Visitor: 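Let me begin by handing over the structure; questions about it come next.
Throughout, numbering of the chain's residues begins at 1 and tracks the sequence. Quick caveat: nothing in here was measured; it's all calculated off a predicted structure.
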Amino acid sequence: MLAFAVAVIGSYLLGSIPFGYLAGRIAGIDIRECGSGNVGATNVIRTLGKVYGYPVFAADFLKGFGAVEMAMRVQPEWNSSEMFGILAAISSVLGHSFPVWLRFKGGKGVATSAGALFGLAPVAALVGAGVWILTFAVTRYVSLASVVAAAALPPIILIMSWLRQTAGKSLFYSSVCLAAVVIWRHRSNLSRLLRGTETRFTRK
């Protein structure tokens with residue numbers, strides 16, 4: 001139980017570190033009052049440029065990846081490292097999306113989910129990244145690319161599972177949970193996409 005608590009609580013707290021908010025403070029602004037008001041990397045890039053935005057994306061990515069890697073090292077002998085990695089992945093994404101430090105109003109979980117998935121299933125994560133890049137290149141909508149990639153990951157993992165490239169059902173179900181969080185956090189973007197008012201991405 002102690003190892004379980006360390007994995008879940010530690011991963012949540014790691015995921016909840018608001019790097020986007022901290023970058024804004026370093027730049028002298030409250031990122032929550034600028035652009036979309038989100039503390040994720042996309043809004044930081046749009047508001048402050050790539051000098052701040054790219055490091056925020058990398059830090060958010062590493063939160064998910066680091067949580068999985070650390071949890072898989074502390075698991076007890078009676079449980080599988082993959083299961084602890086899955087718990088850490090979900091906890092870190094929930095921490096990023098609902099951080100205790102910002103009254104549970106955080107980012108949309110894309111970078112942290114990507115990092116967690118690279119820790120759990122790197123080949124599937126690479127395919128998902130390809131889906132994101134292709135969708136973004138065609139549409140220039142970050143939100144749409146994120147939703148499409150999130151929705152694509154469970155079937156990608158399922159197919160790879162059938163091909164015996166990944167380990168089974170638990171990874172598939174965890175990818176469904178991560179996709180649900182990402183898609184739910186993008187519900188306002190989806191609404192704007194349907195109305196035709198979503199903003200296309202232009203780098204600053």
Visitor: Short question: side chain of Lys63, backbone of Ile17 - any donor-acceptor pair under 3.5 Å?
Guide: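 Answer holds: yes.
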Visitor: Locate the shortest heavy-atom distance separating Phe136 from Val142; write the atom from each residue and the value.
Guide: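 Scanning both residues, the minimum pair turns out to be CE1-CG2, 3.7 Å.
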Visitor: About how many Å separate CZ of Phe172 and CD1 of Ile157, when rounded to the nearest 0.5 Å?
Guide: 8.5 Å
Visitor: Assigning hydrophobic clusters by single linkage (Ile, Leu, Val, Met, Phe, Trp, Tyr; side-chain heavy-atom cutoff under 4.5 Å), is Val148 placed with Val127?
Guide: yes
Visitor: Using the rule that two of Ile, Leu, Val, Met, Phe, Trp, Tyr join whenever any of their side-chain heavy atoms come within less than 4.5 Å, decide whether Ile31 and Ile26 are in one cluster.
Guide: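 Same hydrophobic cluster.
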Visitor: Find out whether Phe57 and Thr42 are in side-chain contact, i.e. whether some heavy atom of one side chain is under 4.5 Å from a heavy atom of the other.
Guide: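 A side-chain contact is absent here, since even the closest heavy-atom pair is not under 4.5 Å.
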Visitor: Does one hydrophobic cluster hold both Ile159 and Leu134, with members joined at side-chain heavy-atom distances below 4.5 Å?
Guide: no
Visitor: What I'd like to find out is whether the side chain of Tyr54 reaches to under 4.5 Å of the side chain of Ile45, using heavy atoms alone.
Guide: yes
Visitor: With side chains defined as the heavy atoms from C-beta onward, is the minimum distance between Asn189 and Tyr141 less than 4.5 Å?
Guide: no
Visitor: Thr47 versus Tyr52: any side-chain heavy-atom pair under 4.5 Å?
Guide: no
Visitor: What is the minimum heavy-atom distance between Ser175 and Pro154, and which atoms define it?
Guide: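 Reported closest heavy-atom pair: OG-CA, 3.4 Å.
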Visitor: Kindly compute the distance separating OG1 (Thr135) from CZ (Arg140), expressed to the nearest 0.5 Å.
Guide: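 That separation rounds to 12.5 Å.
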Visitor: So, does Arg185 use its side chain to make a donor-acceptor pair with the main chain of Gly106 at under 3.5 Å?
Guide: yes
Visitor: Should we say atom CZ of Arg103 is surrounded by more than 12 heavy atoms from elsewhere, each under 6.0 Å from it?
Guide: no
Visitor: Could you state whether Phe118 and Leu153 fall into the same hydrophobic cluster, counting links through intermediate Ile, Leu, Val, Met, Phe, Trp or Tyr residues with side-chain heavy atoms under 4.5 angstrom apart?
Guide: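 No, no single cluster joins them.
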Visitor: In terms of relative ring orientation, are Phe84 and Phe4 parallel, tilted or perpendicular, with 30° and 60° separating the classes?
Guide: perpendicular
Visitor: Does the pair Leu193 and Leu190 meet the rule for a side chain to side chain contact (heavy atoms under 4.5 Å, CB included), with working shown?
Guide: CA-CA 5 Å; Leu193 282 165; Leu190 291 172; 4.2 Å; yes
Visitor: Can you tell if the side chain of Tyr21 reaches within under 4.5 Å of the side chain of Trp101, non-hydrogen atoms only?
Guide: no
Visitor: Looking at Leu14 and Ala67, what are the two nearest heavy atoms and their distance?
Guide: CD2-N, 3.7 Å
Visitor: Could you tell me if the side chain of Leu178 sits less than 4.5 Å from the side chain of Val181, heavy atoms only?
Guide: no
Visitor: Do the side chains of Leu48 and Ile29 get nearer than 4.5 Å, heavy atoms only?
Guide: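 Side chain of Ile29 against side chain of Leu48, heavy atoms only: contact under 4.5 Å found.
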Visitor: Can you measure from CH2 (Trp132) to CG (Leu144) and round to the nearest 0.5 angstrom?
Guide: 10.5 Å
Visitor: Write down the atom of Ser16, the atom of Pro99, and the distance for their closest heavy-atom approach.
Guide: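 Minimum heavy-atom contact is O-CB, 3.4 Å.
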Visitor: What are the two closest non-hydrogen atoms of Phe19 and Asp60, and how far apart are they?
Guide: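 That closest heavy-atom pairing would be CD1-OD1, 3.7 Å.
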Visitor: If you take all heavy atoms of Ser113 and Val93, which pair is closest and at what distance?
Guide: OG-CG2, 3.4 Å
Visitor: I need the Arg195 CZ to Arg192 CZ distance, nearest 0.5 Å.
Guide: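 The CZ atom of Arg195 sits 7.0 Å away from the CZ atom of Arg192.
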Visitor: Is the closest side-chain heavy-atom distance between Ser146 and His186 below 4.5 Å?
Guide: yes
Visitor: Once rounded to the nearest 0.5 Å, what's the spacing between atom OG of Ser92 and atom CG of Leu62?
Guide: 11.5 Å
Visitor: If I take atom OG from residue Ser143 and atom CZ from residue Arg200, how far apart are they, to the nearest 0.5 angstrom?
Guide: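 Between Ser143 OG and Arg200 CZ, I get 10.5 Å after rounding to 0.5 Å.
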Visitor: Where the side chain of Ser174 meets the backbone of Leu171, is there a donor-acceptor pair that is under 3.5 Å apart?
Guide: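 Yes, because the side chain of Ser174 sits within donor-acceptor range (under 3.5 Å) of the backbone of Leu171.
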Visitor: For Arg187 and Trp184, indicate whether the former's side chain and the latter's backbone hold a donor-acceptor pair under 3.5 Å.
Guide: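 The answer is yes, because a donor-acceptor pair under 3.5 Å joins these two groups.
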Visitor: Crowded around Leu126 CG? As in, over 12 foreign heavy atoms under 6.0 Å?
Guide: yes
Visitor: Taking Asn43 for its side chain and Cys34 for its backbone only, find out whether a donor-acceptor pair lies under 3.5 Å.
Guide: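 Confirmed, Asn43 side chain pairs with Cys34 backbone.
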Visitor: When hydrophobic residues are tied together by side-chain contacts of less than 4.5 Å, even through go-betweens, does Phe65 share a cluster with Val68?
Guide: no
